[in-house]
Colleague: 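Shown below is the structure under consideration.
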Amino acid sequence: MSSTEDRIRALVDENLQIEGRDKGQPVSHSVSIIDAGVSSADIVAFWRLVCEEFGIDIPAEEFAELLTPSDLIAYLEARAG
């Protein structure tokens with residue numbers, strides 16, 4: 001099974017258009033996807049994909065605080081154990 005980081009990286013790469021980043025380029029773990037120019041509609045769709053991929057229900061209020069890959073990975077890993 002892939003690591004949480006690998007799975008998040010794949011979801012970002014396949015589903016989000018990030019300004020200044022070509023598909024397949026590494027995602028910075030500290031950049032907020034809002035600051036990277038991702039639309040609110042795409043963020044909602046990404047939230048749903050993350051919930052589906054990891055089989056977890058992340059409340060919208062909590063997901064709104066998890067907008068950097070490192071925050072999201074830490075959240076998911078804390079709930080996986």
Side-chain angles (χ1 to χ4, degrees):
M1 178 183 281
S2 298
S3 72
T4 301
E5 181 178 350
D6 291 339
R7 292 164 71 189
I8 291 296
R9 181 179 292 134
L11 286 174
V12 169
D13 197 42
E14 294 167 7
N15 299 286
L16 298 179
Q17 295 286 336
I18 296 177
E19 291 177 0
R21 179 185 161 272
D22 294 325
K23 192 171 186 173
Q25 218 177 16
V27 177
S28 171
H29 285 270
S30 61
V31 173
S32 166
I33 57 177
I34 290 175
D35 294 340
V38 177
S39 73
S40 58
D42 286 345
I43 291 171
V44 170
F46 182 68
W47 165 54
R48 291 181 180 145
L49 286 169
V50 169
C51 289
E52 183 178 316
E53 171 72 20
F54 288 89
I56 187 171
D57 183 27
I58 305 171
E61 310 79 44
E62 289 183 31
F63 192 80
E65 301 296 320
L66 304 170
L67 295 177
T68 66
S70 60
D71 290 342
L72 183 55
I73 291 166
Y75 179 93
L76 292 167
E77 288 179 343
R79 277 141 187 87

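Throughout, residue positions are numbered sequentially from 1 according to the sequence presented. Quick caveat: nothing in here was measured; it's all calculated off a predicted structure.
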Colleague: Measure the CZ-OG1 distance between Arg79 and Thr4 for me, rounded to the nearest 0.5 Å.
Modeller: 12.5 Å
Colleague: Among Leu67, Ile58, Leu66, whose side chain to side chain contact (heavy atoms under 4.5 Å, CB included) with Trp47 holds?
Modeller: Ile58
Colleague: Measuring from atom CD1 of Ile8 to atom CG of Leu49, what distance do you get when rounded to the nearest 0.5 angstrom?
Modeller: 10.0 Å
Colleague: Could you grab the distance from atom OG of Ser3 to atom CG of Leu76, nearest 0.5 Å is fine?
Modeller: 11.5 Å
Colleague: Compare all side-chain heavy atoms of Leu72 with those of Phe46 and state whether any distance is below 4.5 angstrom.
Modeller: yes
Colleague: Locate the shortest heavy-atom distance separating Asp42 from Leu16; write the atom from each residue and the value.
Modeller: O-CD2, 3.9 Å
Colleague: Is there side-chain contact between Tyr75 and Glu65, with at least one heavy-atom pair below 4.5 Å?
Modeller: no
Colleague: Roughly how far, to the nearest 0.5 Å, is the CD1 atom of Ile34 from the OG1 atom of Thr68?
Modeller: 11.0 Å
Colleague: Find the distance between CZ (Arg7) and CD1 (Ile73) and round it off to the nearest 0.5 Å.
Modeller: 11.5 Å
Colleague: Below 4.0 angstrom, N of the basic side chain to O of the carboxylate: do Arg48 and Glu52 qualify?
Modeller: no
